[in-house]
Protein chains: 2
Amino acid sequence: MGRSPTIRDVARRAGVAVSTASLALNGRPYVSKETRFKVLQAAEELGYHPHSLAKNLADGRTRNLGLITPISLDHLFGSAGFFANLLSGMHRAAADHGYNLSLHIADSEEEAAACIRSLLRGRSADGLIITNPTSSCPYLEDLGRHRVPFVFIGRPLAKAPYVDNDNVEACRLAVRHLIDQGHLRIAFLNGPERFTFCADRLLGYRIALKEAGLPYDERLVWRSELVEAAAYSTVKELAPRKGFTALFAASDVQAVGAIRALRELGRQVPQDVAIACVNNSELAQHFIPPLTTVDLHEYWLGHWAAKRLVQLIQGERAHHPILIPGELVVRESSKGGDGGGKASCKPKES
Amino acid sequence: MGRSPTIRDVARRAGVAVSTASLALNGRPYVSKETRFKVLQAAEELGYHPHSLAKNLADGRTRNLGLITPISLDHLFGSAGFFANLLSGMHRAAADHGYNLSLHIADSEEEAAACIRSLLRGRSADGLIITNPTSSCPYLEDLGRHRVPFVFIGRPLAKAPYVDNDNVEACRLAVRHLIDQGHLRIAFLNGPERFTFCADRLLGYRIALKEAGLPYDERLVWRSELVEAAAYSTVKELAPRKGFTALFAASDVQAVGAIRALRELGRQVPQDVAIACVNNSELAQHFIPPLTTVDLHEYWLGHWAAKRLVQLIQGERAHHPILIPGELVVRESSKGGDGGGKASCKPKES
DNA sequence: CACTACCATCGAACCGGTTCGATCGGATAT
DNA sequence: ATATCCGATCGAACCGGTTCGATGGTAGTG
C-alpha cells in the first residue's frame with residue numbers, strides 16, 4: 001500500500017484543478033453540482049481524508065486549545081475528582097466546536113510560564129485555558145504580546161477573562177442552610193488567603209450571616225491549608241476556645257479533618273456540631289456521616305471555560321466573567337433531611 | 001508589529017541560504033562554527049522561534065500523543081483520582097520526550113472508535129494511548145491498517161502492547177496481609193467479570209490463599225459493580241450467610257459500601273471484620289476507619305504508558321507488557337499497625 | 001600534480017493543504 | 001449587437017519549515 005492519497009490525487013482523478021477540488025471538498029460556493037459530485041466521488045473512491053497538519057498550516061488555525069494547569073495535581077483545589085470532571089466538561093465543549101484539547105501540567109508557576117511561552121512561540125494553540133491564576137501570573141505579559149485569546153479558570157487578580165464557580169453564592173447557600181437549621185454561632189474553616197476563591201467564600205459566609213441578622217465574629221473564622229491534616233490541627237487548636245454549634249468548611253477534606261478533631265475533643269457530628277462544606281466529592285458522599293456540601297458542577301465550569309475561549313477565538317467581544325452556580329446537597333452531617341435545591345447549569349453572567 | 005519572523009528572515013539576515021539556516025538552528029553537522037554563530041545570532045536578534053505546525057508538516061511527525069479514554073469519567077475505574085494521577089504521570093513522560101498530550105474522552109466505545117478513526121485519518125498523532133480496552137475493541141482493525149503505534153492501559157483480550165497495574169501481585173499482597181493478621185476465612189468482593197483487572201485480582205486472591213494453604217471457597221467470592229451502592233446491597237444480601245472474619249474488596253468504594261452493609265448487620269470494622277482493598281484514594285485515606293489498601297501508583301502507570309508508546313514510535317520492538325507494582329498501605333481497617341512495604345517504581349517486565 | 005574526499009553551502013523541491021487573481025463562457029442589460 | 005456581470009474553473013503562490021542533489025573549495029593521498 002502506497003502513501004495516503006492527497007488532494008492532488010483527488011483532483012487528478014476527478015479531472016479538475018486542485019483548487020477546485022479544495023472548494024468542492026469543503027462545501028464552498030462557486031462549484032457546480034456536477035463538479036462537486038465528481039470530486040466527492042473521486043475522494044470516496046480513493047479513500048481520501050485531509051491531512052490535518054497541512055490544513056492547519058495552510059489556514060493558520062491550529063484547532064487546538066491548550067489547557068495549562070500550574071499546580072501539581074494533588075493540590076488542585078484539594079481534589080483530583082474536581083479536575084477530572086473539569087476536564088470532562090472542557091473536552092466536550094472543545095470537541096463540540098471542532099477543537100482538540102492539549103494538556104499541559106506544570107509543577108510550579110514558573111514551569112507553567114515556560115510552558116505557555118513555548119506554546120505561544122510555537123503558535124501551537126489557538127487559545128489557552130489556564131487554571132489557578134495567582135497574583136503573580138508571570139505569563140501575562142507574554143499572553144498580551146502574542147494576542148492569543150485565553151481564559152482563566154478561577155478569579156484572577158489581574159483584569160482578564162475568566163470562568164469560575166459562584167463561590168460567594170455557593171457559600172451563602174451552605175451557611176444559610178446551617179442557619180435555617182437553627183444555628184446561631186457558625187464557625188468557618190477557610191482555606192489560605194492566597195486563593196481568590198477563599199476570599200469569595202468568606203464573602204458568601206458573611207453575606208449569609210448578615211442576611212440572617214447574625215453578627216460576624218472574626219474569632220470564628222479560621223484558616224488552614226486545603227488538606228485533611230492541616231484542617232485537623234487547626235481545629236484541634238482553635239475549636240476548644242469558642243462556643244459554636246456548627247462549622248462550615250471551605251472544602252470537604254477540610255471538613256473531614258475538622259470532624260476528626262472535633263471527635264477527639266468529644267464533640268460528635270452532627271449531634272454536637274453540624275457540618276457543611278464545599279466540593280461534592282466522593283469523599284463527601286461516602287464519609288460517615290455523609291457530608292452536606294455544595295456541588296460545584298465542575299463539569300460545567302470546564303464546559304463554559306472552553307466555550308468562552310472559543311467565543312474569544314471567533315472574535316466575539318466576550319467580556320464579563322462567567323460564574324457557575326453551585327448546588328446545595330443536604331446530607332446527614334448537617335442533621336437535615338435529604339434532597340436540596342436544584343440549580344440550573346445555565347451560568348449566570350455577572 | 002508585523003508577522004513573526006520566519007526562517008527565511010533569519011537566513012537573509014545571516015546572509016546564508018535557508019537550508020543552511022535550518023541546519024544551523026537544529027544543531028546539525030556540516031555547518032561551520034562561524035556560520036552557525038551568525039545564524040543563531042540573527043535568530044536571536046529577530047526573536048525567531050520555529051513554527052511548530054510547519055515543522056511537523058515538513059518532517060511528517062506530529063509530536064503528539066493521543067490519549068483516548070472510552071469511558072465517561074465517573075466510571076473510570078470507579079475513581080476520578082485514579083485518572084488524574086494517571087494523567088499527571090503520562091504528561092510528564094510525554095513532555096520529557098518532547099511530545100504533546102492531546103486528550104480525547106469518549107462516552108462509549110463506539111465514540112472512542114470514531115475518535116480514533118478520525119485521529120488516524122487526519123494523521124494527527126504519532127501514537128495512541130487507549131485506556132480501558134474491552135473485548136470488542138472495534139477500533140483494532142483501523143489501528144492495524146494505519147500502522148500507528150499504540151499502547152493500552154489495562155490488559156486487553158486481544159494480543160496488543162499494554163501497560164497495567166500488577167493486579168495479581170497487588171491482590172496477593174493485600175490478601176496475604178489479611179492472612180498474616182490471622183484470618184482464615186476471607187471473603188472477596190470483586191468487580192464485574194467484564195473487566196480484565198477483576199479477573200487478575202481474583203487470581204491474586206487465589207494465589208495468596210494457596211500459598212498459605214487455605215482452601216478456596218467459591219461461596220466467599222462475590223461480585224458487584226464498582227460503586228458504593230452496589231457493593232452495599234451485595235454484601236447486605238450475601239454476608240449474613242457465610243462465616244468470614246475478613247473481607248477483601250477490589251476497590252475502595254466497594255470497601256466503603258461493604259463496611260456500611262456490615263455495620264447494619266451488626267459487625268464492626270475492624271473488630272469483627274478486617275477490611276483490605278485496592279486503590280489508595282482520598283476516600284481510603286480519610287475514611288473512618290482508614291482503609292488498608294494497595295496503592296496502585298497510577299502516576300507510574302501513566303508514565304510508563306507514555307514512555308512505552310514513545311519507544312514504539314521510535315521503532316523499538318517493545319513487546320512485553322509492563323506491569324506496575326502496587327504498594328500495600330496498612331491502616332486501621334485491617335487492625336494492623338502502620339507502615340507497610342515499599343515497592344519500587346521500576347516496573348517489572350513480564 | 002592529478003585524483004579523490006569531504007566539508008560547507010546553496011537552490012530547488014517537497015510536505016498537503018488553502019487562497020488569490022486571472023480567464024472563459026453564457027446570461028442579462030442596454 | 002455590444003457591453004456588463006457573474007458563476008465556474010484554473011494555475012500559481014503561499015503557509016514555514018526540512019531535505020536532497022549539486023557545486024565549489026580545500027586538504028589529503030599516491
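For the numbers below, each heavy atom of this structure counts, side chains included, while hydrogens, waters and symmetry mates do not. Everything numeric in this text was worked out from a predicted model, so none of it was measured. First the proteins, then the strands, lettered A, B, ... as listed; each starts at 1.
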Exercise. Which pair of non-hydrogen atoms, one from Leu312(A) and one from Pro149(A), has the smallest distance, and what is that distance?
Worked result: CB-CB, 3.9 Å
Exercise. Within the structure shown, what part of the strands sits under 4.0 Å from Thr6(B) by heavy-atom distance: base, sugar-phosphate, or nothing?
Worked result: sugar-phosphate
For this session: Quick one: label Val16(B) by what it contacts on the DNA or RNA (base, sugar-phosphate, nothing), any heavy atom closer than 4.0 Å.
Result: sugar-phosphate
For this session: Check the distance between dG16(D)'s P and His51(B)'s NE2 and give it to me in whole angstrom.
Result: 6 Å
Problem set entry | Proximity to the side chain of Tyr48(A) - top-ranked nucleotide from dC10(C), dA8(C), dG17(C) | dG17(C)
Problem set entry | Ser19(A) (side chain) and dG11(D) (base): donor-acceptor pair under 3.5 Å | yes
Seminar exercise, completed: Shortest non-hydrogen pair, Asp107(A) vs Arg92(B), comes out as OD2-NH2, 4.1 Å
Exercise. Which atoms form the tightest heavy-atom contact between Ile129(B) and Leu309(B), and what is the distance?
Worked result: CG1-CD2, 3.5 Å
Exercise. Would you say dT18(C) has OP1 or OP2 under 4.0 Å from some side-chain N or O of Ser22(A)?
Worked result: yes
Problem set entry | Ala21(B) vs Leu57(A), nearer the 5' end of DNA chain C by closest nucleotide | Ala21(B)
For this session: Measure the acute angle between the ring planes of Phe152(A) and Tyr139(A), then classify it against the limits of 30° and 60° as parallel, tilted or perpendicular.
Result: tilted
Exercise. Do Asp164(A) and Arg155(A) meet the salt-bridge criterion of a basic N to acidic O distance under 4.0 Å?
Worked result: no
Seminar exercise, completed: Taken to the nearest whole Å, CG/Asp59(A) to C1'/dG16(C) is 12 Å
Exercise. Is the distance from OP1 or OP2 of dG16(C) to the nearest side-chain N or O of Lys55(A) less than 4.0 Å?
Worked result: no
Exercise. In whole angstroms, how far is the C1' atom of dT19(C) from the CG atom of Asn26(A)?
Worked result: 11 Å
Problem set entry | Gap between atoms CZ and P, on Arg63(B) and dG17(D) respectively (whole Å) | 12 Å
For this session: Under 4.0 Å between any heavy atoms, over every strand shown, what does Asn56(B) touch: base, sugar-phosphate, or nothing? Just pick one.
Result: nothing
Problem set entry | Separation of dG17(D) C1' from Leu53(A) CG (nearest whole Å) | 12 Å
Exercise. Which listed nucleotide (dC10(C), dG16(C), dT9(D)) is nearest to the side chain of Ala54(A)?
Worked result: dG16(C)
Exercise. With a non-hydrogen cut-off below 4.0 angstrom, is Gly15(A) in contact with a base, only sugar-phosphate, or nothing?
Worked result: sugar-phosphate
Problem set entry | Leu23(A) CG - dG7(D) C1' separation (whole Å) | 12 Å
Exercise. Between Tyr30(A) (OH) and dT23(C) (C1'), how many Å, whole number?
Worked result: 16 Å
For this session: May I ask you to evaluate whether Arg28(A) reaches the phosphate of dT19(C), defined as a side-chain N or O under 4.0 Å from OP1 or OP2?
Result: yes
Problem set entry | Residue among Lys55(A), Arg61(A), Arg63(A) satisfying side chain to side chain donor-acceptor pair (under 3.5 Å) with Asp59(A) | Arg63(A)
Exercise. Of the nucleotides dT18(C), dT9(C), dT18(D), which has the atom closest to the Val18(A) side chain?
Worked result: dT18(C)
For this session: Report yes if at least one side-chain N or O of Ser32(A) is closer than 4.0 Å to OP1 or OP2 of dT9(D); otherwise report no.
Result: yes
Problem set entry | Nearest-Å distance for atom pair CG/P, residues Leu25(B) and dT19(D) | 13 Å
